[in-house]
2 protein chains.
Amino acid sequence: MKNSCKEILMDKGLKNTRHRERILEVFKKSDRPLTAEEIFLILKSNSENSCLSTVYRTVEVFEAKGLVLKSNSIDDGKARFEFNTKEHKHHVICTRCHQIIFINECPFSEFEKKLKDKIDFDITGHKFEIYGYCKECQDQ
Amino acid sequence: MKNSCKEILMDKGLKNTRHRERILEVFKKSDRPLTAEEIFLILKSNSENSCLSTVYRTVEVFEAKGLVLKSNSIDDGKARFEFNTKEHKHHVICTRCHQIIFINECPFSEFEKKLKDKIDFDITGHKFEIYGYCKECQDQ
DNA sequence: AATGCAAATGAGAATGATTTGCATTAAAAA
DNA sequence: TTTTTAATGCAAATCATTCTCATTTGCATT
């Protein structure tokens with residue numbers, strides 16, 4: 001079968017360990033960015049014995065290999081990690097309940113090109129995040 | 001004189017203390033976002049006796065009143081604070097030297113309106129950040 | 001299947017930014 | 001000026017994250 005966790009790891013030149021497989025599975029199943037601790041707790045609830053520092057090390061390796069994306073957008077002092085689907089997407093973040101909605105549209109490609117010349121900056125990426133209140137939180 | 005630190009504080013219903021005035025001055029003079037420690041060191045070098053926890057408490061109050069903006073974009077584990085000029089602006093961040101360049105253009109206002117209807121989200125703001133290498137860092 | 005080696009892991013201690021509790025001090029109200 | 005209230009300084013606590021080191025595991029080779 002294609003794109004199994006095992007294959008993905010091999011592909012990136014990573015040693016295939018139980019731990020990495022499990023964490024990759026967690027990422028694939030999750031529809032939102034997770035904190036290291038959340039990942040740790042999910043593993044634990046699946047009766048995987050693990051520890052926080054290993055989770056941190058694993059997501060660090062995954063990030064270095066481009067498998068996951070890290071972000072600090074939710075300003076609660078915790079980093080969050082999500083599977084890198086390679087789709088270009090952006091986050092819409094509810095300021096109240098911290099729900100994250102994904103959008104795929106991106107209106108900035110031309111804008112970036114203009115900017116590149118204007119300020120002589122070698123652009124490698126961008127982040128666009130929208131803040132506000134989601135449907136549920138608007139009434140409160 | 002208008003917009004003195006004293007006036008700004010009164011305006012926000014904040015008690016006017018030496019400490020707050022000084023920190024507000026630091027923000028006004030700075031052309032880049034500062035960490036709490038940087039603010040603390042600037043105060044110290046101005047022979048203001050202060051302490052880190054007070055700086056943290058002060059910027060927290062300022063943030064709550066909309067006087068400063070907080071961000072965790074530079075992923076070095078330190079929050080940064082900048083004076084809220086109310087101008088709509090965005091950051092261009094050098095991934096290597098962490099320099100921050102400000103840009104005032106914003107191509108997203110129409111895009112936001114469309115989105116507002118589409119996903120029923122009450123948008124209060126957005127953040128657009130561009131990453132890459134600045135002129136100086138491109139050659140390295 | 002056994003072996004060796006490098007890399008990964010677990011457990012807990014260490015680090016560093018940020019917060020908190022509390023006694024003291026300073027600002028605003030009376 | 002006195003009273004009331006909130007801000008400050010200091011030290012200790014907290015919390016996310018990183019590090020250390022002894023042990024284990026994956027994987028290539030025998």
Side-chain angles (χ1 to χ4, degrees), chain A residues 4-24 26 33-44 46-65 67-68 70-81 98, chain B residues 4-26 33-44 46-65 67-81 98:
Chain A
S4 69
C5 292
K6 202 168 283 198
E7 281 182 326
I8 292 174
L9 292 172
M10 275 187 57
D11 221 57
K12 295 289 179 182
L14 293 176
K15 216 181 241 184
N16 174 16
T17 70
R18 175 182 188 81
H19 202 80
R20 286 175 176 169
E21 270 192 57
R22 292 301 175 276
I23 292 188
L24 211 43
V26 169
L34 300 168
T35 65
E37 200 186 9
E38 285 172 332
I39 296 168
F40 170 68
L41 291 176
I42 292 171
L43 291 178
K44 220 170 159 188
N46 294 345
S47 312
E48 292 290 327
N49 84 319
S50 172
C51 81
L52 248 185
S53 54
T54 305
V55 174
Y56 274 107
R57 278 185 289 225
T58 305
V59 293
E60 191 186 12
V61 171
F62 283 1
E63 195 201 357
K65 293 293 183 181
L67 283 175
V68 309
K70 176 180 183 181
S71 95
N72 291 307
S73 311
I74 295 185
D75 191 23
D76 63 353
K78 294 174 196 166
R80 280 172 174 74
F81 306 86
H98 294 162
Chain B
S4 69
C5 292
K6 202 169 284 196
E7 283 181 326
I8 292 174
L9 291 172
M10 276 185 56
D11 221 57
K12 294 290 179 182
L14 293 175
K15 210 184 247 187
N16 174 15
T17 69
R18 175 181 189 80
H19 201 81
R20 285 174 178 172
E21 272 192 54
R22 292 300 174 276
I23 292 187
L24 211 43
E25 278 164 16
V26 169
L34 300 168
T35 65
E37 200 186 9
E38 285 172 332
I39 296 168
F40 171 67
L41 291 176
I42 291 171
L43 291 177
K44 221 171 162 187
N46 294 345
S47 312
E48 292 290 327
N49 84 319
S50 173
C51 83
L52 248 185
S53 56
T54 305
V55 172
Y56 274 108
R57 276 187 286 228
T58 304
V59 295
E60 191 187 11
V61 171
F62 283 1
E63 196 201 357
K65 293 293 183 180
L67 283 174
V68 308
L69 302 172
K70 176 180 181 180
S71 96
N72 287 307
S73 311
I74 297 185
D75 188 23
D76 62 355
K78 294 174 196 169
R80 281 173 172 75
F81 306 87
H98 294 163

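Letters go in sequence order (proteins before strands), and every chain restarts at 1. As the structure is a computational prediction, the values presented were derived from the model and not from experiment.
- Distance A:Y56 OH to C:dG12 P: 17 Å, rounded to the nearest Å.
- Within the model, atoms NZ of B:K6 and CG of B:L24 stand 12.5 Å from one another, a figure rounded to the nearest 0.5 Å.
- Counting any heavy atom pair closer than 4.0 Å across all strands shown, A:S50 reaches sugar-phosphate atoms only and no base atom.
- Counting heavy atoms from C-beta on, the side chains of B:N46 and B:R22 never come closer than 4.5 Å.
- Across the protein-nucleic acid pair, B:K44 atom NZ and D:dG9 atom C1' stand 13 Å apart, rounded to whole Å.
- Residue A:S53 is in base contact, counting any heavy-atom pair closer than 4.0 Å across all strands shown.
- For the pair B:L43 CG and D:dT8 P, the interatomic distance rounds to 11 Å; values are reported in whole Å.
- Here D:dT18 presents its P atom at 6 Å from CD of A:E60, a figure rounded to the nearest Å.
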Let me see the working for A:L9 and A:E21 under side-chain contact (heavy atoms from CB on, under 4.5 Å), right down to the final yes or no. CA-CA 8 Å; A:L9 292 172; A:E21 270 192 57; 4.2 Å; yes
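- Of all nucleotides present, only C:dT18 satisfies the Watson-Crick or G-U wobble test against D:dA13, with each distance under 3.5 Å.
- Between B:R57 atom CZ and D:dA7 atom P the separation is 10 Å, expressed in whole Å.
- A:F81 approaches A:V68 most closely through the heavy-atom pair CD2-CG2, 4.4 Å.
- With rounding to whole Å, B:H19 atom NE2 is found 6 Å from D:dT8 atom P.
- The shortest non-hydrogen separation linking A:R20 to A:K15 is NH1-O, 3.0 Å.
- The existence of a salt bridge linking A:R80 and A:E38 is excluded, since no basic side-chain nitrogen approaches an acidic carboxylate oxygen closer than 4.0 Å.
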For nucleotides 25-29 of chain D, which of its nitrogen or oxygen atoms have a protein nitrogen or oxygen under 3.5 Å away, and what is each distance?
| residue | atom | partner | partner atom | Å |
| --- | --- | --- | --- | --- |
| D:dG26 | O3' | A:N16 | O | 3.3 |
| D:dC27 | OP1 | A:N16 | N | 3.1 |

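- Take the nearest nucleotide of DNA chain C for A:V55 and for B:E37: the residue whose nucleotide is more 5' is A:V55.
- Partner A:I23 forms a side-chain contact (heavy atoms from CB on, under 4.5 Å) with one of A:T54, A:I39, A:L34 and no other, that one being A:I39.
- Taking a pair to require two hydrogen-bonding distances under 3.5 Å in either a Watson-Crick or a G-U wobble arrangement, D:dT29 pairs with C:dA2.
- In this entry the distance linking CG of B:L52 with P of D:dA12 reads 16 Å, nearest Å.
- For the pair A:R20 and C:dA8, the criterion of a side-chain N or O lying under 4.0 Å from OP1 or OP2 is met.
- Between the CG atom of B:L9 and the P atom of D:dT8 there is a distance of 10 Å, rounded to whole Å.
- In a base pair of the Watson-Crick type (N1 to N3 plus N6-O4 or O6-N4) or a G-U wobble (N1-O2 and O6-N3), with each distance short of 3.5 Å, C:dT9 is matched with D:dA22.
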